[in-house]
Amino acid sequence: MLEFHNVSFAYPALDENTQVSPAVQNLSFNIAQGEFVAMLGHNGSGKSTVAKLCNGLLAPDSGQVLLNGLDTSIEDNLFDIRRQIGMVFQNPDNQIIAAIVEDDVAFGPENLCVPPAEIRTRVDDALAQVGMSDFATAEPHKLSGGQKQRVAIAGVLAMQTQMIVLDESTAMLDPRGRQEVMDTVIQLHRQGKTVLLITHFMEEAMQADRVLVMHNGSLIAQGSPREVFAQRDVLLQAGLTLPAAARFAQAAGLGDDILTEDECVNAILTKYTNH
């Protein structure tokens with residue numbers, strides 16, 4: 001569904017004396033329809049630039065980004081591209097514009113010229129999907145961070161996009177808010193939505209089908225979560241750590257192949273039952 005072919009991009013220099021390094025360089029990867037992909041990387045690795053390249057907010061300096069075969073660098077394609085891919089950014093307060101929740105969710109379909117009766121149906125369905133139906137007439141500024149992000153996701157769903165890109169969408173949330181958003185993302189994926197989750201939380205990446213690791217604008221590892229987290233030297237190079245359960249298991253001498261909390265608990269029970 002999404003294709004990056006040897007994509008490079010650099011932000012403009014602040015002045016003629018400033019030397020600019022590419023934010024993304026010679027980047028190639030594909031995301032299939034219905035896939036859940038997590039992208040990891042430290043600050044400045046190029047993750048957010050990738051997010052903006054996905055739907056044409058930025059155009060590559062070289063290479064090609066295709067969404068369902070549409071080139072994002074061709075301006076005439078942008079309307080069709082943005083009907084197919086929705087974005088949810090880091091700060092929920094920067095992406096909610098209406099004074100009432102249901103009005104905010106309706107904003108996208110209205111701009112797509114969807115008939116009013118269809119908008120009503122889409123808004124109700126979208127809020128139900130993210131568990132926010134009871135807050136349809138609430139004021140967004142009174143919601144928690146996790147609830148605001150679910151409203152933002154509902155706005156994307158109401159546009160009926162095929163793919164959703166979440167750029168550090170849980171970074172500013174407390175643990176409960178992060179869990180609310182992740183539960184919503186996982187449910188959407190199970191319903192067939194294509195997801196690109198850009199995050200620095202290892203536990204979130206563990207729930208994806210595939211993980212991409214960015215470092216200095218380049219892709220340095222990809223594979224299933226277990227395959228990627230087995231490459232400890234690569235993660236260290238990228239400034240990343242293992243999931244908390246894996247770090248605990250290593251420190252407790254439970255083994256180097258443990259990644260999840262359930263695996264950690266089972267290893268503890270096995271170790272001490274045998275003793």
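- Salt bridge annotation for R120-D124: present, with a cationic side-chain nitrogen under 4.0 angstrom from a carboxylate oxygen.
- Note that CD of Q237 and CG of D233 are 9.0 Å apart. Values are rounded to the nearest 0.5 Å.
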**OP:** Given side-chain contact (heavy atoms from CB on, under 4.5 Å), test L112 with F79 step by step and report yes or no.
**Re:** CA-CA 9 Å; L112 295 176; F79 185 79; 3.8 Å; yes
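- Residues A154 and V105 approach most closely at O-CG1, 3.6 Å, considering heavy atoms.
- For the residue pair H189 / Q187, no side-chain donor-acceptor distance below 3.5 Å is found, with atom types taken as modelled.
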**OP:** List the steps, then state whether side-chain contact (heavy atoms from CB on, under 4.5 Å) holds for D209 with V37.
**Re:** CA-CA 6 Å; D209 299 326; V37 175; 5.9 Å; no
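- The shortest distance between side-chain heavy atoms of L66 and F4 does not fall below 4.5 Å.
- Distance OG/S8 to CG/N26: 4.0 Å, rounded to 0.5 Å.
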Subject >> Trace of the side-chain contact (heavy atoms from CB on, under 4.5 Å) decision for M132 with L143 >> reply: CA-CA 11 Å; M132 291 294 290; L143 302 177; 4.0 Å; yes
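- Between M172 and Q90, some side-chain heavy-atom pair lies under the 4.5 Å cut-off.
- No hydrogens or angles considered: nothing links the side chains of E118 and T121 as a donor-acceptor pair under 3.5 Å.
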**OP:** Assess whether salt bridge (Lys or Arg N to Asp or Glu O under 4.0 Å) is satisfied between E203 and R178, documenting all intermediate values.
**Re:** CA-CA 11 Å; E203 288 74 18; R178 288 201 301 271; over 6 Å; no
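- Between the side chain of K47 and the main chain of H215, no donor-acceptor pair closer than 3.5 Å is present.
- Ion pairing between E110 and R122 fails under the 4.0 Å rule for side-chain N and carboxylate O.
- Note that the NE2 atom of H42 and the CG atom of L40 stand 11.5 Å from one another [nearest 0.5 Å].
- Side-chain contact between F229 and M206: present, with at least one pair of heavy atoms (C-beta onward) separated by less than 4.5 Å.
- L2 and L166 sit in two unconnected hydrophobic clusters of ILVMFWY residues. Membership requires side-chain heavy atoms under 4.5 Å apart, directly or through other members.
- Side chain of S169 to main chain of V88: a donor-acceptor pair is present (N/O by atom type, distance under 3.5 Å, no hydrogens or angles).
- One distance of note links CD1 of I198 with OG1 of T170; it measures 11.5 Å at 0.5 Å rounding.
- At least one donor-acceptor pair under 3.5 Å links the side chain of Q149 to the backbone N or O of F89.
- A continuous path of Ile, Leu, Val, Met, Phe, Trp and Tyr side chains, each step under 4.5 Å between heavy atoms, connects I164 with F36, placing both in one hydrophobic cluster.
- Between I85 and C54, the closest side-chain pair of non-hydrogen atoms falls below 4.5 Å.
- In terms of heavy-atom proximity, A23 sits nearest to T49 at CB-OG1, 3.7 Å.
- Between Q64 and the choices T72, V7, D71, the side chain to side chain contact (heavy atoms under 4.5 Å, CB included) rule is met once, by D71.
- Side-chain atoms of T199 come within 3.5 Å of backbone atoms of F201 as a donor-acceptor pair (strictly under, hydrogens ignored).
- The heavy-atom pair separating M87 from K52 by the smallest distance is CE-N, 4.3 Å.
- For the pair Q25 (side chain) and N216 (backbone), a donor-acceptor distance under 3.5 Å is present.
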**OP:** Give the intermediate values and the outcome of side chain to side chain donor-acceptor pair (under 3.5 Å) for residues S48 and D167.
**Re:** CA-CA 6 Å; S48 290; D167 182 16; 3.0 Å; yes
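- A salt bridge does not link R210 to E227: none of the charged nitrogens lies less than 4.0 Å from a carboxylate oxygen.
- Under a 3.5 Å cut-off, the side chain of R247 and the backbone N or O of L242 do form a donor-acceptor pair.
- Atom-to-atom distance recorded for N68:CG and E3:CD is 9.0 Å, nearest 0.5 angstrom.
- When L127, V130, V101 are each tested for a side chain to side chain contact (heavy atoms under 4.5 Å, CB included) with R150, only one passes: V130.
- Of the possible donor and acceptor atoms, none in the side chain of E204 sits under 3.5 Å from a partner among the backbone N and O of H200.
- Taking hydrophobic clusters as Ile, Leu, Val, Met, Phe, Trp and Tyr residues chained together by side-chain heavy-atom distances below 4.5 Å, M39 shares a cluster with L57.
- Under the 4.5 Å side-chain contact rule for hydrophobic residues, L212 and V234 do not share a cluster.
- For E261, the CD atom is loosely surrounded, since the number of other residues' heavy atoms within 6.0 Å does not exceed 12.
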Original post:
Hey, mind stepping through I31 and L196 against side-chain contact (heavy atoms from CB on, under 4.5 Å) and telling me if it holds?
Top reply: CA-CA 8 Å; I31 296 179; L196 172 58; 4.0 Å; yes
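- A donor-acceptor contact shorter than 3.5 Å links the side chain of E35 to the backbone of A32.
- Side-chain atoms of E180 and S144, non-hydrogen and from C-beta on, do get closer than 4.5 Å to each other.
- In this structure, F29 places its CZ atom where more than 12 heavy-atom neighbours from other residues, nucleotides or ligands lie under 6.0 Å away.
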**OP:** Could you walk me through whether D80 and Q84 pass side chain to side chain donor-acceptor pair (under 3.5 Å), step by step?
**Re:** CA-CA 7 Å; D80 286 336; Q84 298 179 57; 6.0 Å; no
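- Between L236 atom CG and R232 atom CZ the span is 11.5 Å, to the nearest 0.5 Å.
- In terms of heavy atoms, K148 sits closest to I96 at O-CD1, 3.7 Å.
- Both V151 and V195 are part of a single hydrophobic cluster, where members link through side-chain heavy atoms under 4.5 Å apart.
- Using modelled atom types, one side-chain atom of S28 and one backbone atom of N6 make a donor-acceptor pair closer than 3.5 Å.
- Looking only at atom types and distance, the side chain of N91 has no donor-acceptor partner in the side chain of Q95 under 3.5 Å away.
- Under 3.5 Å, the side chains of D93 and H141 contain no donor-acceptor pair of N or O atoms.
- Under the 4.5 Å side-chain criterion, counting only non-hydrogen atoms from C-beta, L188 is in contact with I153.
- The minimum heavy-atom distance linking M1 with T194 is given by the pair SD-OG1, 3.6 Å.
- The backbone N or O of S73 sits nowhere less than 3.5 Å from a side-chain atom of N77 that would complete a donor-acceptor pair.
- Enclosure of atom CG in N43 is not indicated, since only 12 or fewer non-hydrogen atoms of other residues, nucleotides or ligands lie within 6.0 angstrom.
- Between F9 and A59, the shortest heavy-atom distance links the atoms CD1-O, 3.3 Å.
- Inter-residue side-chain proximity for D104 and I97 is flagged as met; some heavy-atom pair is nearer than 4.5 Å.
- Under a cut-off of 6.0 angstrom, the local environment of CD in Q191 is crowded, with over 12 non-hydrogen atoms contributed by other residues, nucleotides or ligands.
- Taking the side chain as every heavy atom from C-beta outward, M159 and V114 never approach each other to under 4.5 Å.
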